[in-house]
Structure formats: structure tokens, C-alpha cells
Amino acid sequence: MKYISTRGQAPELGFCDAVMAGLAEDGGLYLPKTWPQLEKQQIAGMANKSYAHTAYEIISPFVDGEIEETVLREMIEQAYASFPHPSVAPIIELEPGHFILELFHGPTLAFKDVAMQLLARIVDHILTQRGQRATIVGATSGDTGSAAIEAFRNRSNIDIFILHPHGRVSDVQRRQMTTILDENVHNIALEGSFDDCQKLVKDMFLNVQFKKSINLTGVNSINWGRIVAQIVYYFTSAVAVGAPHRPVSFTVPTGNFGDIFAGYAAKQMGLNINKLVIATNSNDILRRALTTGTYQTSGVKPTQSPSMDIQISSNFERLLFEAGNKNSDEIRSKMNSLAQSGAFSIDEQSLAQISKNFAVGSSSDKETSTTIKSTYEQSGYLLDPHSAVGVHVARQQMDANFPMITLATAHPAKFPDAVQAASSVFPSLPPLLSDIHDRSEKCELLANDPQIIQEYIRSRTSA
Ligand SMILES: *Cc1c(COP(=O)(O)O)cnc(C)c1O
């Protein structure tokens, strides 16, 4: 299996190289040249298999022999053993024909654990094979940082540094990062904003000499290894509600378009999906793009669902590439236009192609709160604000002919203030994290100065 860049000017790579590269060197995103196909019978057979077993069936064609079978199976087993729930991603019926897929049973209570737990093991394995070490540096406003730290803690070939804006992440979110005391984990509280954190990290990736000196590696949502791991639960949940014998629809709380793109991949692999519904909060660039044909950035508005507060939706580039018959010249010109003027237009044919597979809807903060409240009153089920965006949009898009599965991307206890304000119920932390407020923290407060940050990182890595 070869991977090609959406921008057409980077070398074709195999699975391991594509994972280690993250972003392609031409600025594009890697995609498999062709989609592996699963037979109807194989999909039906998933009904009686464990999550890890199905994960191997779906992931192995993408790895295509670059990791030995027993090693890959073992890594998948271990990744999903970190989920205390026996079915890893359980599904519950919220109301007739509407199901919730709970993706928040991992160690940091958000869906990013599903991919990160596996990706960390794969990256560490590749480094061992190559006799290398690597340094991961990331900026976080909350969820991604803790999922990465939990996944990469104590991996032998990796040092991980996560920058968060000092005083601007919630108590629980900070503690999920700073109470991890493993030696290879380094938390930096930056005297600055989240944008300052992101800029520092971006500049490190552009500083070729620095990047090389510490073997800098990224694990953000454009990494192909993360998308692959997310394809799995589309299959397991669809089969649980009747696939492949009847088509199902999904609604996905969307930010960077990684999670829902994995749903598109599942469909290309043969899963009978009716519609993939993109659910956004009031940062609704995707809704505007698909209804007007113009992808136009505007500022980020803070909402109750912060993990979906985005200005651009990076993985959307992958869908554009697919919808435009893999014309990389077209993608390059769109992305140039985005960089220069903050906008590009989507041609009629691509739009038509996209609307065959996708629908889109948004939820304001008010609608999100109302959904948390009404859902709790009607069924006793407590949604977090991200999942509530999904449920609000799903209810508008429901069609009696197709079961709807809405992805629940975070545990309500991760966003207690918004949940309590909406429902008057205080969501308590699950046992794994119930003592988090008593644990000791490890974190360095540093100035917003590239020199200081880079020196701090360089002196603590051995890559
Ligand atoms: C990251 C995240 C999302 C958005 O996922 P994308 O893959 O970026 O679209 C939604 N909800 C939660 C809780 C998240 O952490």
C-alpha cells in the first residue's frame, strides 16, 4: 500500500514512513492510493468479534506487512486494554432509531485516546526498529495534549513536550497532563495564549536545523496513523445496529475533520453508510462551505465545545482531493488561495460529489445547552457539550429508514461547568480519575520566547 500527498509534490511513502512524516513535505496530507475492500461477509462476521480483533482486520491492509502480524496484533490488544470498558466503544440506544457511540472510555475521557493509544505504540515500535529516538512537541488547548501525554508516557524512544497556555485550561484538563510524572513527559505552561503556543510549535517545525537536531515529530490530527485507528469504530458500531444488512447513518461532532473523514474511509472500504452528518458548533466554516461553495475563514469564537473551536478544518483537504478526482494541482491552487486570501471556492462537481456522502448542520451554544437539558430530562442520559452538538444536529437529520449513530466524543465530567449549567447535574469523574485533584503536578512555567523554549527542549532530549 502506497500513500500519496494531496498536493502531488512529495514522494510516495509506505505506511511507516507516512506515519513518521505526519505532514507531507509539500505541505499536503497523505492518503492511500486505493481503498482496501472488505467483503460483506467479513463485515457481518465482526458481530461476534472483540474490538481488538476487528481493529486488526481493518488496520492491517493499511499497514500492508510493514509491521509483523504478531507485533501489530499485540500493539492493538494493548492499546485497547487501556480502555476499562469491555467493549471499548459501547453503543446505547438514546431514543428509537438513534444510538450513541461512546468513544470516551479511554484514559483521558475523550475520543482522541482511541487513536493516540495505538499511534504511540506504532511510533515507538518503528523507532526501535530503526534504532532512533524522537521528540514530540505539541500545543494544546486541552484534549489533544492529555491524550498524547497518556499515550506516549514511558515509551522508551520518545520525549514528549506539551505547551499549554498558563492559566487558560481547565483544572481537570491541566491536571490530566501535569500529574503524569514519567521522566519522558514535559509539561510547559506558557506565559501566553493558545495561539502563542501554536506559533512556537509551528516555528520549531519550520526550523530545519532544530527539527533535525531533536528528530522532531508531530502527532496532530492530520497524521494518517490517527485516521486509520478511527475507521474501526464505524464498523463495530454499524454492525451492532444491523450493518451490513441495512444502511446506517452517522453524525459526528466535527472540528479538524479527522474523525468524520475516518467514516468516509469506512464507506470507501465497503461499509454501507447512508449519510455522514457533519455537526459543527458556531465555528461553522464547513457548513458555510458546503452550502455556499466558498470556504472562507473567519475568527475563532470560543464556545462550550472548545475542542471543535477551529478556524480551518485541516483534514477537509483530504476530502477535497477525493471529491475532485485526486487532482493535486487543483488542491495546490486552493490551498495557495487559502494562504493568501483566507478563502477558496469549491467547484460544482466536487460539491455534488461531497453531498452524495455528507450532510451538515450546526448547533449554537444555546441549542447545545438545551439539548443537554432535554436529553437528561427525557432519558436520564448526560451528554457532554461536544456530543450534544452531535445529538442536536442528528435529530434534525434523522430519517426513519436508517438508524442514526451519533458519536459521543467526550465524557461529561471533562466539561463539568457547561454540563452543570445546562442540566443542574454535576457529572462526577469515573474511578480512574477520581483522585486527580490530590495528585502532585509536574510543570514548568516558561516565558513566551522561542529561544528559551527551544533551549529548554534541546537540553532535555537525547535524540
Ligand atoms: C478533537 C475533538 C473533536 C473533533 O474531532 P476532529 O477529528 O478534529 O473533527 C470533537 N470532540 C472532542 C471532544 C474532541 O476532543
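Predicted model, so just to flag it, every value in this text is computed and none were measured. Counting starts at 1 for both ligands and their atoms, following the listed order. Excluded from the calculations below are hydrogen atoms, water molecules and symmetry mates; all remaining heavy atoms, backbone and side chain alike, are included. Throughout, numbering of the chain's residues begins at 1 and tracks the sequence.
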Chemist: Specify the closest pair of heavy atoms between Phe415 and Ser307, including all atoms of both residues, with the distance to one decimal.
Modeler: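 Taking Phe415 first and Ser307 second, the nearest heavy atoms are CZ-OG, 4.4 Å.
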
Chemist: For salt bridge (Lys or Arg N to Asp or Glu O under 4.0 Å), just list the numbers for Glu317 and Lys334, CA-CA rounded to whole Å, side-chain angles, deciding distance to a tenth of an Å, and then say yes or no.
Modeler: CA-CA 9 Å; Glu317 181 172 339; Lys334 283 187 170 67; over 6 Å; no

Chemist: Measure across Met177 and Ile162 and return the closest heavy-atom pair with its distance rounded to 0.1 Å.
Modeler: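 Heavy-atom minimum between the residues: SD-CG2, 4.0 Å.
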
Chemist: Look at Lys199 together with Asp195 and state whether they make a salt bridge at an N to O cut-off of under 4.0 Å.
Modeler: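 No, this pair does not count.
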
Chemist: Are the side chains of Leu433 and Arg175 in touch, meaning some heavy atoms are under 4.5 Å apart?
Modeler: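 When only atoms from C-beta onward are counted, Arg175 and Leu433 do not touch, as no gap falls below 4.5 Å.
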
Chemist: Can you pull out every side-chain hydrogen bond (donor to acceptor under 3.5 Å, both in side chains) where at least one residue sits in residues 15-37? Sequence neighbours excluded, please.
Modeler: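 Counting only pairs at least two positions apart or across chains, the side-chain hydrogen bond (donor to acceptor under 3.5 Å, both in side chains) contacts touching residues 15-37 are Ser5-Asp26, Glu12-Lys33, Asp17-Arg130, Trp35-Glu322.
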
Chemist: Is there any protein N/O under 3.5 Å from an N/O of ligand 1, and what does the full list of such pairs look like?
Modeler:
from: ligand 1; atom 1: 7 (O); to: Gly258; atom 2: N; distance (Å): 3.2
from: ligand 1; atom 1: 7 (O); to: Asp259; atom 2: N; distance (Å): 2.9
from: ligand 1; atom 1: 8 (O); to: Asn256; atom 2: N; distance (Å): 2.7
from: ligand 1; atom 1: 9 (O); to: Gly255; atom 2: N; distance (Å): 2.8
from: ligand 1; atom 1: 9 (O); to: Asn256; atom 2: N; distance (Å): 3.2
from: ligand 1; atom 1: 9 (O); to: Phe257; atom 2: N; distance (Å): 3.0
from: ligand 1; atom 1: 11 (N); to: Thr409; atom 2: OG1; distance (Å): 2.8
from: ligand 1; atom 1: 15 (O); to: Lys112; atom 2: NZ; distance (Å): 2.5
from: ligand 1; atom 1: 15 (O); to: Asp143; atom 2: OD2; distance (Å): 2.7

